[in-house]
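What follows is a single structure, and I will ask about it in a moment.
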Amino acid sequence: MAQHRSVPCPAQAVAAQTGAIFAGLAVGAVNAHMQGMAAVAARREEYASQVLSHQLSDAVAAAHEWADYAKRLIVENERLKAENGRLKEVAAQRRGVIERMRQVAA
């Protein structure tokens, strides 16, 4: 026949307390891990945002440089067009002089 105790087993109480302590520690460890992972994700997002911001500022600076370069080329192109027109007039005058000299010589 099984022996029945009138008082609770002390080992059972210690095991229940130990289990509760380990459950609390496990919950704390899981929460700390989840907070750490959230912090890592936030840091990655912040870093990616900084990289994109830097790339954007580089692209804007490059666009301004190209715009300045294009403006200089437009000015240079207009100057060359004017010079080309002037040279065409000079060439036409010289052709006229040459033609007149040929007519006089002939």
Side-chain angles (χ1 to χ4, degrees):
M1 176 174 220
Q3 186 176 5
H4 179 38
R5 299 180 74 155
S6 61
V7 292
C9 178
Q12 188 177 16
V14 171
Q17 289 173 355
T18 304
I21 290 171
F22 280 120
L25 290 174
V27 167
V30 168
N31 285 339
H33 176 72
M34 295 305 288
Q35 288 175 351
M37 293 303 291
V40 167
R43 179 65 185 123
R44 281 184 185 153
E45 186 175 328
E46 180 184 340
Y47 177 74
S49 177
Q50 289 175 354
V51 167
L52 289 175
S53 175
H54 183 68
Q55 289 174 342
L56 178 62
S57 65
D58 286 349
V60 167
H64 285 296
E65 289 174 9
W66 280 107
D68 293 341
Y69 179 66
K71 289 175 187 175
R72 286 193 308 269
L73 288 179
I74 289 170
V75 169
E76 178 70 9
N77 189 36
E78 292 300 320
R79 186 188 67 75
L80 290 174
K81 282 181 181 178
E83 184 178 352
N84 190 30
R86 185 185 64 77
L87 291 174
K88 282 182 181 181
E89 289 177 10
V90 169
Q93 288 174 354
R94 288 187 180 170
R95 271 194 306 273
V97 169
I98 291 170
E99 289 300 321
R100 283 192 297 276
M101 289 174 71
R102 281 186 186 163
Q103 288 174 359
V104 170

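The first residue in the sequence is number 1, and the count goes up from there.
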Indicate every side-chain donor-acceptor pair of residues 16-32 with a distance under 3.5 Å to a residue at least two apart or in another chain.
unit_1	atom_1	unit_2	atom_2	d
Thr18	OG1	Val14	O	2.8
Asn31	ND2	Val27	O	3.4

By the rule that ILVMFWY residues connect when side-chain heavy atoms come within less than 4.5 angstrom, directly or transitively, which residues belong alongside Leu56?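 So far as hydrophobic clustering goes, Leu56 is joined with Val60.
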What ring-ring contact (aromatic ring centres under 6.0 Å, His included) pairs are there with at least one residue in residues 33-54, not counting sequence neighbours? none
Taking transitive links into account, so neighbours of neighbours count too, which hydrophobic residues share a cluster with Val40 at under 4.5 Å side-chain distance? none
Test of understanding: with salt bridge (Lys or Arg N to Asp or Glu O under 4.0 Å), list the residues that count as partners of Arg72, not counting sequence neighbours.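 Arg72 satisfies salt bridge (Lys or Arg N to Asp or Glu O under 4.0 Å) with no other residue.
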Summary of salt bridge (charged side-chain N to carboxylate O under 4.0 Å, His left out) pairs that have at least one residue in residues 44-62, sequence neighbours excluded: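 Qualifying pairs, neighbours excluded: Arg43-Glu46.
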Evaluate the side-chain proximity of Gln55 to Val51: yes if any heavy-atom separation is below 4.5 Å, no if none is. yes
Any chance you could measure Arg102, atom CZ, to Glu99, atom CD, to the nearest 0.5 Å? 5.0 Å
Donor-acceptor list for residues 79-90 side chains, cut-off 3.5 Å, not counting sequence neighbours:
unit_1	atom_1	unit_2	atom_2	d
Arg79	NE	Glu76	OE1	3.3
Arg79	NH1	Glu83	OE1	3.2
Arg79	NH2	Glu76	OE2	2.6

Can you check side-chain contact (heavy atoms from CB on, under 4.5 Å) on Val97 and Met101, steps first, answer last? CA-CA 6 Å; Val97 169; Met101 289 174 71; 3.8 Å; yes
Under the side-chain contact (heavy atoms from CB on, under 4.5 Å) test, residues paired with Ser53 that sit two or more places apart: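 Scan of Ser53 (side-chain contact (heavy atoms from CB on, under 4.5 Å), adjacent residues dropped) gives none.
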Besides Leu52, the hydrophobic cluster formed by Ile, Leu, Val, Met, Phe, Trp and Tyr side chains linked at under 4.5 Å, directly or via other members, contains none
By the ring-ring contact (aromatic ring centres under 6.0 Å, His included) test, which pairs, at least two apart or in different chains, include something from residues 62-106? Trp66-Tyr69
According to salt bridge (charged side-chain N to carboxylate O under 4.0 Å, His left out), does anything in residues 10-25 pair up with another residue at least two apart or in another chain? List the pairs.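 Pairs touching residues 10-25 that pass the test: none.
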